[in-house]
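A quick write-up on the structure given underneath.
Just so you know, ligand 1 is whichever comes first in the structure, and atom 1 is the first atom listed for that ligand. In this chain, numbering begins with 1 at the start of the sequence shown.
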Amino acid sequence: MELNQLLERITDEIAPLRGAGSVADYIPALARVDPSRFGIAVADLDGGVHGTGDWEIPFSVQSISKVFTLALVLADSDDVLWQRVGREPSGSPFNSLVQLEHERGIPRNPFINAGALIVTDQLISLVGDASTELLALLRAESGNADLRVDDEVAGSEAAHADRNLALTHFMASYGNMRNPVATVLDQYFRQCSIAMSCRDLALAGLFLAAHGLRRDGSSMLTSRQAKRINAIMLTCGTYDAAGEFAYRVGVPGKSGVGGGILAIIPGRCSIAVWSPGLDKRGNSVAGVAALDHFTTLTGWSIF
Ligand code: GLN
């Protein structure tokens, strides 16, 4: 079956799930998005990109940004970061505080909020303006020079930041923060508030399917580093539902509370899906279902 036909079929099959779940209302600006939106895009290693539905409409990438900040930090150095953050699944909600005290301010992995705040802190130490560096990477990889931070979403996150403030201060109290809490949070909210379409995101994530190579053939990461990011996406990318996601979809994936999911099929393609209705763990209901259909119909799960 042609990829376009396959994507149309998946879009039809998930139609009853459009609008299922609930939008992320703890960030008020995200609660205004139409929950029945659905888009999917697939970028292949030859640079082709196919999509259906709302695949060219920008949405808030939220935690999907954490994949790219991690890539930027690991591209510089593998060692320092892993003294400050682990790489085990948390089994806890993405914004949970409970493990942090037991584990003395060292977050379980780079994809829960606490771990991502450490990665952003490290990126600030490396480059200063972390979110601008991230935006430059995403613009280059997606080929879309118009990508922007949505200042309304960033402001909304900053105005409702009690949990992320608590996480950051708590880690600072254990000496695991190099930059001022306010600076780290400002950069973190900006990175989460970048708006991208499924098309942009599938293209931007392609280096993870291409064993670390960018679309122009230059190296973003070594193949070993790309392998490792994919492994962390598989085990930690969908929080306390990572086991269920591996069971249903069977490829590395990273979700965000904007309703997007980036999924990587190493050696083949990168897939971005978007539908704002979330399940209780913060993953898109229709998005996970679409990826489940995709890997079932193509046989392209890694298992
Ligand atoms: N900006 C969101 C937060 O910090 C990101 C969470 C997510 O997408 N899971 O709460």
Notebook entry, point to check: Which of the atoms in ligand 1, numbered in the order shown and given with their element, are less than 4.0 Å from a heavy-atom of E157?
Noted result: 1 (N), 2 (C)
Next item on the list: Measure N113 to ligand 1 on non-hydrogen atoms and call it side chain, backbone, both or neither using the 4.0 Å cut-off.
Entry: side chain
Next item on the list: Tell me, with the steps shown, if N95 and N113 meet side-chain hydrogen bond (donor to acceptor under 3.5 Å, both in side chains).
Entry: CA-CA 6 Å; N95 57 2; N113 284 15; over 6 Å; no
Check: Nearest protein heavy-atom contact for atom 6 (C) of ligand 1: which residue, which atom, what distance?
Finding: S63 OG, 3.1 Å
Note to self: When you compare ligand 1 with Y188, is there at least one nitrogen or oxygen pair between them that comes in under 3.5 angstrom?
What the structure shows: yes
Check: Does N95 have a non-hydrogen atom less than 4.0 Å from ligand 1?
Finding: no
Note to self: Taking P89's backbone N and O only, do any of them form a donor-acceptor pair with R108's side chain (distance below 3.5 Å, no angle check)?
What the structure shows: yes
Notebook entry, point to check: Which ligand 1 atoms are under 4.0 Å away from a heavy-atom of G256?
Noted result: 8 (O)
Next item on the list: Name all residues meeting the side-chain contact (heavy atoms from CB on, under 4.5 Å) criterion together with S65; count only those two or more places apart in sequence or in a different chain, and write none if there are none.
Entry: V61, L134, Q191, C192
Margin query: Using a plain distance cutoff, I'd like to know if F94 has any nitrogen or oxygen under 3.5 Å from a nitrogen or oxygen of ligand 1.
Written below: no
Notebook entry, point to check: Considering only heavy atoms, which of F189, F111, Y26, Y239 lies nearest to atom 3 (C) of ligand 1?
Noted result: Y26
Check: At what distance, to the nearest 0.5 angstrom, does CZ of F189 lie from CG of D150?
Finding: 14.5 Å
Margin query: For the CD atom on E13, are there more than 12 heavy atoms of other groups (residues, nucleotides or ligands in this structure) within a distance under 6.0 Å?
Written below: yes
Ignoring hydrogens and angles, write down the donor-acceptor pairs under 3.5 Å from the side chains of residues 229-237, residues two or more places apart or on other chains.
residue	atom	partner	partner atom	Å
N230	ND2	L208	O	3.0
N230	ND2	A226	O	3.3
T235	OG1	A231	O	3.0

Margin query: Could you tell me, atom by atom, which parts of ligand 1 come under 4.0 Å of a heavy atom of N164?
Written below: 3 (C), 4 (O), 10 (O)
Next item on the list: Mark up the atoms of ligand 1 that fall under 4.0 Å of a heavy atom belonging to C192, in ascending order.
Entry: 1 (N)
Notebook entry, point to check: Mind checking whether W274 and F59 have parallel, tilted or perpendicular rings, split at 30° and 60°?
Noted result: parallel
Checklist line | Under 4.0 Å to a heavy atom of Q62 - the qualifying atoms of ligand 1, by number | finding: 1 (N), 2 (C), 5 (C), 8 (O)
Note to self: Tell me whether E101 at atom CD has more than 12 heavy atoms from other residues, nucleotides or ligands lying less than 6.0 Å away.
What the structure shows: no
